Amino acid sequence: MREFRRLHSDTQPDTSPAMGERLWTPHPMPQIEPRTPRPILTGHVLAGLLAVMLLFAATVVRGQEIDGYLADVRAEYGLPALAAAVVQDGAIVAAAAVGTRILGGTQPVAITDRFHIGSNTKSMTATLAGMMVDEGKLRWDSTVGEVLGDDVPGMSASLAAASLEQLLSHSSGIPSDNEQILDLYFSADAFDYNLTDLRHRLLDQWKTTEIERPQGSPFQYSNLGYVIAGMMIQKVAGKPWEQLMHDRIFSPLDMQTAGLGPQATYGLIDAPVGHRIGPDGTVIPMLWGPAADMPQVIAPAGNAHMSILDYAKWAGWNAGKGTRGPALVTPQTLTHIQSVKVDTPVRKNPPPGTPGTGSYGLGWGIVTFDWADGPLLTHNGSNSMNLARIVVDPTLDLAIIVATNFPGAQANAATGSVLQHLYTVYSAK
């Protein structure tokens with residue numbers, strides 16, 4: 001009934017085309033001109049708008065040295081849009097966005113346009129967990145049964161014993177997405193419940209499954225593990241994961257374009273929309289609605305979107321080891337999040353651009369690339385219609401981010417080339 005291979009890329013880039021029979025069968029649609037609402041300009045809003053305009057102007061100047069480069073890469077790989085930013089010592093030293101919001105369209109992207117970052121949201125979920133640890137509401141060794149057992153009784157002993165840290169490091173024994181798990185994501189009752197209740201129903205249906213950590217490396221990239229971790233976080237916080245993302249991540253970092261779900265406003269083409277590659281190679285722009293993103297029940301595994309400038313704020317905060325404001329978590333907790341927890345299995349024949357080995361922390365891969373002197377924090381995120389990639393070097397206080405609204409091998413090769421080039425150039429400065 002449904003072919004679906006992967007919802008997200010992990011530290012090993014997914015080079016397969018977008019997959020999945022969606023809730024409806026989409027067709028190419030005509031480009032729709034955006035309509036911008038008239039803002040109400042209070043004094044506070046005017047001040048904020050001025051600050052954004054100044055930041056935009058400064059960023060455009062800094063981006064002039066890379067926009068031509070990005071335009072060449074975008075054209076070479078046939079992508080609709082491509083954006084990248086470099087953050088050094090807490091400042092955006094280069095940023096640009098090039099291309100169009102729809103492949104073959106005429107609406108140019110803007111530096112403030114929102115891009116979907118997919119599984120790169122996982123480091124944000126892990127940071128929310130760190131906040132709960134700092135506040136004494138969770139421990140890294142808190143177990144699923146300890147936190148959720150009263151709400152979801154009857155869990156298998158192995159599932160109940162899985163710890164928060166194991167969930168966030170993909171080492172709990174919960175497998176990667178399989179047909180049984182995917183059926184839960186695409187549940188027929190998805191429109192009958194709020195997401196917090198829907199996640200409880202999902203776990204209730206899966207709770208008797210016995211889990212087992214593989215021999216050798218226990219690493220199994222598990223979106224379901226992040227869903228359960230998100231449930232633990234929202235249980236002890238007393239707020240839905242979605243609200244915590246806005247209140248505890250987006251707002252403190254002043255990420256004004258950040259949100260959850262498909263990146264374009266319903267009914268408008270006001271962002272670079274994702275693209276689906278059909279089985280026959282047909283490219284279909286996915287505008288809005290359920291088909292434009294993954295099932296929202298698994299949002300803690302990765303459904304955030306934001307401009308490349310706002311994503312740079314997150315990247316720069318992580319590159320600074322938590323020593324710059326805002327104090328989301330203590331520097332010690334951030335170090336714990338960014339430290340190796342499990343080695344990933346060695347891949348004998350990894351796809352092009354994919355590291356053959358590496359490690360994983362909590363929401364972060366730790367990988368040594370042949371173009372860097374030491375291990376970097378890294379992650380890839382894709383909902384099979386977009387791709388975002390990040391590398392962070394805390395030793396140099398340097399981060400590179402790149403995003404496109406296209407999936408598959410072309411996007412993987414293009415973004416990998418940009419990461420390598422920009423890191424090589426700016427790490428030498």
Side-chain angles (χ1 to χ4, degrees), residues 7-8 114 116-139 142-153 155 162 164 167-168 174 181 184-187 189-207 222-263 265-266 289-290 292-306 310 314 326 328-329 337 362-363 381 383:
L7 289 172
H8 293 86
R114 302 176 295 276
H116 199 283
I117 68 168
S119 274
N120 292 1
T121 311
K122 284 183 168 71
S123 61
M124 299 177 184
T125 297
T127 302
L128 289 177
M131 295 175 188
M132 300 301 106
V133 171
D134 283 347
E135 294 169 13
K137 297 176 180 177
L138 283 174
R139 306 179 314 275
S142 293
T143 65
V144 178
E146 178 186 349
V147 179
L148 300 175
D150 289 342
D151 296 330
V152 188
M155 277 188 269
L164 178 65
L167 296 174
L168 296 173
I174 297 176
I181 294 172
L184 297 176
Y185 296 166
F186 289 92
S187 171
D189 60 3
F191 297 98
D192 296 332
Y193 298 92
N194 284 317
L195 288 174
T196 50
D197 295 328
L198 196 61
R199 290 180 188 124
H200 279 97
R201 291 177 62 82
L202 184 157
L203 181 56
D204 189 63
Q205 294 174 71
W206 200 78
K207 66 184 180 182
S222 175
N223 289 310
L224 179 56
Y226 265 75
V227 175
I228 298 173
M231 293 175 63
M232 295 171 69
I233 293 166
Q234 63 188 21
K235 172 64 183 295
V236 301
K239 290 183 179 180
W241 173 88
E242 286 80 1
Q243 189 174 354
L244 292 169
M245 284 287 287
H246 282 277
D247 292 349
R248 305 296 298 269
I249 300 286
F250 299 160
S251 180
L253 286 168
D254 195 30
M255 300 163 70
Q256 297 185 22
T257 65
L260 304 169
Q263 55 268 42
T265 303
Y266 202 101
D293 200 5
M294 58 181 227
Q296 298 304 296
V297 69
I298 63 168
N303 79 333
H305 62 248
M306 61 200 65
D310 277 343
W314 173 252
L328 302 182
V329 295
I337 291 169
L362 306 180
N383 63 354

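This one's a predicted model, so the numbers in the text were calculated from it and none came from an experiment. Side-chain atoms are counted along with the backbone in the values below, which use heavy atoms only and exclude waters and symmetry mates.
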### Task
For His305 and Gly261, indicate whether the former's side chain and the latter's backbone hold a donor-acceptor pair under 3.5 Å.
yes

### Summary
Here the gap from Leu164 atom CG to Leu362 atom CG, rounded to the nearest 0.5 Å, amounts to 8.0 Å

### Task
Go through the steps for Ile228 and Leu148 under the test side chain to side chain contact (heavy atoms under 4.5 Å, CB included), then give the verdict.
CA-CA 9 Å; Ile228 298 173; Leu148 300 175; 4.2 Å; yes

### Task
For the residue pair Ile249 and Met131, establish whether any side-chain heavy-atom pair is separated by less than 4.5 Å.
yes

### Electrostatic pair Arg199:Glu242 at N-O distance under 4.0 angstrom
yes

### Task
Look at the side chain of Ser123 and the backbone N and O of Asn120, then say whether any donor-acceptor pair between them is shorter than 3.5 Å.
yes

### Side-chain heavy atoms of Met306 within contact of Phe250, under 4.5 Å
yes

### Query
Does Arg248 reach the side chain of Thr127, with side-chain heavy atoms less than 4.5 Å apart?
no

### Message
I'd like to know if Arg201 and Asp204 make a salt bridge, using a cut-off of under 4.0 Å between side-chain N and carboxylate O.
### Response
no

### Task
Measure from the side-chain N and O atoms of Asn303 to the backbone N and O of Ile298, and report whether any donor-acceptor pair falls under 3.5 Å.
no

### Query
Quick check: does any side chain N or O of Asn383 sit under 3.5 Å from a backbone N or O of Asp293, one acting as donor and the other as acceptor?
no

### Atom pair CG (Leu244) and CE (Met132), whose distance is rounded to the nearest 0.5 Å
6.0 Å

### Task
List the atom of Ala126, the atom of Gly363, and the distance in Å for their closest heavy-atom pair.
CB-N, 4.3 Å

### Residues forming a side chain to side chain donor-acceptor pair (under 3.5 Å) with Asp192, sequence neighbours excluded
none

### Query
Between Ala229 and Leu168, which heavy-atom pair has the shortest distance, and what is it?
CB-CD2, 3.7 Å

### Query
Do the non-hydrogen side-chain atoms of Ser119 and Asn223 ever get within less than 4.5 Å of each other?
yes

### Query
How close do Val329 and Gly130 get, heavy atom to heavy atom, and via which atoms?
CG1-C, 3.7 Å

### Task
Find out whether Leu253 and Leu328 are in side-chain contact, i.e. whether some heavy atom of one side chain is under 4.5 Å from a heavy atom of the other.
yes

### Message
Side chains of Val227 and Trp206, heavy atoms from C-beta outward: is any pair under 4.5 Å?
### Response
no

### Query
Between the main-chain N or O of Pro153 and the side-chain N or O of Lys207, is there a donor-acceptor pair closer than 3.5 Å?
yes

#### Entry: Heavy-atom donor-acceptor pair, Thr257 side chain to Arg114 backbone, under 3.5 Å
no

### Summary
Residues at least two apart in sequence or cross-chain that pass salt bridge (charged side-chain N to carboxylate O under 4.0 Å, His left out) with Asp197, listed by chain then number, are none

### Message
Are Leu167 and Tyr226 packed together at the side-chain level, in the sense that at least one heavy-atom pair is separated by less than 4.5 angstrom?
### Response
no

### Query
Can you name the nearest heavy-atom pair linking Pro290 to Phe191, along with the distance?
CG-CZ, 4.3 Å

### Task
Report, as yes or no, whether the 6.0 Å neighbourhood of atom CG on Asp189 holds more than 12 heavy atoms from other residues, nucleotides or ligands.
yes

### Distance (rounded to the nearest 0.5 Å) between Leu128 CG and Asp247 CG
10.0 Å

#### Entry: Separation between NZ of Lys235 and CG of Asp151, rounded to the nearest 0.5 Å
3.5 Å

### Message
What verdict does the side-chain hydrogen bond (donor to acceptor under 3.5 Å, both in side chains) test give for Thr196 and Asn194, after you've listed the backbone C-alpha separation in whole Å, the side-chain angles of each residue and the deciding distance to 0.1 Å?
### Response
CA-CA 6 Å; Thr196 50; Asn194 284 317; 5.6 Å; no

### Message
For Met294, is there any backbone N or O sitting under 3.5 Å from a side-chain donor or acceptor partner on Tyr185?
### Response
no

#### Entry: Min side-chain heavy-atom separation Leu224-Leu202 under 4.5 Å
yes

### Query
Would you say Thr121's side chain and Ala304's backbone share a donor-acceptor pair under 3.5 angstrom?
yes

